[in-house]
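All remarks here apply to the structure that follows.
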Amino acid sequence: MPELPEVETVCRGIRPHLQGRVFTGVTVRQPQLRWPVPDDLAQRLAGQRVLAVSRRAKYVLISLAEGCLMVHLGMSGRLFFVAAGTAVGKHDHVDFALDNGQLLRYTDPRRFGAVLWLEGEAEAHPLLGHLGPEPLSADFNVAYLLARAKGRSVPVKSLLMDGRVVVGVGNIYANEALYMAGIRPDRAAGKISRQRYARLVDCVKQVLTSAIAQGGTTLKDFVGGDGRPGYFKQELLVYGRAGLPCPACGSALREIRQAQRSTVFCARCQR
Ligand code: ZN
């Protein structure tokens with residue numbers, strides 16, 4: 001499943017080829033994604049120039065003069081460029097034609113993704129309005145996190161994965177950051193010191209920044225060739241390594257379930 005670093009990589013991959021281009025048409029082969037693709041999308045987009053390509057949480061935002069095309073990759077969605085006339089595969093649900101003869105293609109085998117149209121300011125949209133700050137922004141800092149944790153008895157891992165608190169810290173990155181910070185994932189959020197939260201904020205930023213840097217190596221996959229960018233394999237310290245030795249102390253990593261998700265941690269290093 002694409003996580004924040006992958007969505008950021010998608011944005012960086014498509015931005016230089018999309019910014020300044022004009023949409024000339026849209027072909028929707030399968031409108032039934034997580035939410036239906038709007039019927040009038042072609043009319044909305046035709047003739048409009050792309051002003052900017054950005055990301056908010058795990059949404060790709062393609063801004064035009066009169067609104068914004070919003071794409072969510074769901075579990076298995078991909079966005080990439082192909083030349084007009086390129087053969088269409090079973091899961092190639094939407095093509096956005098551009099004035100340079102290229103198509104921006106949306107493909108999604110599991111169809112949990114979304115292609116939506118937003119009028120007006122993107123930040124005001126119900127899907128975006130309630131979201132917490134971006135984890136790599138200055139707004140995500142120790143004072144902020146401490147205030148959000150105050151008096152809360154929820155496990156710190158749940159706090160970190162709550163999009164109203166901070167966006168884009170998925171299960172993998174929550175596991176990794178808590179391990180790096182030496183904090184037990186099931187510790188009550190309200191019972192962690194300022195100093196330890198300062199460390200956790202740093203670790204969240206570090207783990208996401210290094211994942212984005214790794215994604216940079218896949219940027220060339222967004223254009224040309226066989227054109228289907230994959231999601232990158234990352235080197236992880238604890239996630240997916242239950243039962244294996246802790247990289248720091250060598251004791252076996254433990255696994256518990258929290259909110260139906262796998263949590264892996266070192267009972268010796270994380271307190
Ligand atoms: Zn350990």
Side-chain angles (χ1 to χ4, degrees), residues 1-9 57-58 75 132-138 140-218 230-271:
M1 174 159 81
E3 296 282 347
L4 182 144
E6 277 133 344
V7 181
E8 178 64 28
T9 300
K58 295 206 287 179
M75 306 285 284
E134 287 288 326
L136 295 175
S137 73
F140 181 62
N141 57 48
V142 60
Y144 168 80
L145 191 57
L146 203 58
R148 296 303 300 259
K150 195 174 178 199
R152 302 280 307 274
S153 57
V154 294
V156 60
K157 186 183 172 218
S158 305
L159 185 80
L160 214 48
M161 290 181 64
D162 182 346
R164 293 164 298 184
V165 173
V166 56
V167 298
V169 184
N171 195 40
I172 296 172
Y173 299 108
N175 274 291
E176 295 291 300
L178 287 162
Y179 173 76
M180 287 164 65
I183 298 172
R184 265 185 79 114
D186 55 356
R187 181 163 295 280
K191 304 249 187 247
I192 295 171
S193 70
R194 180 185 186 95
Q195 195 185 0
R196 303 185 78 206
Y197 268 128
R199 172 104 183 105
L200 182 58
V201 166
D202 283 350
C203 291
V204 166
K205 291 178 192 278
Q206 207 179 310
V207 72
L208 291 171
T209 302
S210 88
I212 291 168
Q214 256 177 291
T217 61
T218 69
Y231 296 121
F232 38 101
K233 270 260 180 290
Q234 294 168 61
E235 278 174 38
L236 300 170
L237 297 168
V238 289
Y239 184 80
R241 299 189 69 244
L244 295 173
C246 163
C249 76
S251 53
L253 294 171
R254 281 178 53 187
E255 181 171 31
I256 55 172
R257 303 294 287 180
Q258 288 181 290
Q260 284 91 52
R261 310 296 299 273
S262 161
T263 295
V264 183
F265 67 102
C266 176
R268 190 183 286 175
C269 296
Q270 290 171 262
R271 310 225 156 235

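As the structure lists them, so they are numbered: ligands from 1, and atoms in each ligand from 1.
Between Arg187 and Ile192 the shortest side-chain heavy-atom distance falls below 4.5 Å. A 4.5 Å side-chain heavy-atom check between Leu200 and Val156 finds at least one atom pair inside the cut-off. The side-chain heavy atoms of Val204 and Phe140, taken from C-beta on, include a pair separated by under 4.5 Å. Contact annotation: the side chain of Leu208 never approaches that of Glu8 to less than 4.5 Å [non-hydrogen atoms, C-beta and beyond].
Protein N/O/S atoms nearer than 2.8 Å to the Zn ion (ligand 1) total 4.
Partner Lys157 forms a side-chain contact (heavy atoms from CB on, under 4.5 Å) with one of Asn171, Val169, Ile183 and no other, that one being Asn171.
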Identify all side-chain donor-acceptor contacts of residues 239-257 below 3.5 Å with residues at least two apart in sequence or on another chain.
from, atom 1, to, atom 2, distance (Å)
Arg241, NH1, Leu237, O, 2.8
Glu255, OE2, Ser262, OG, 2.6
Arg257, NH2, Gln260, O, 2.9

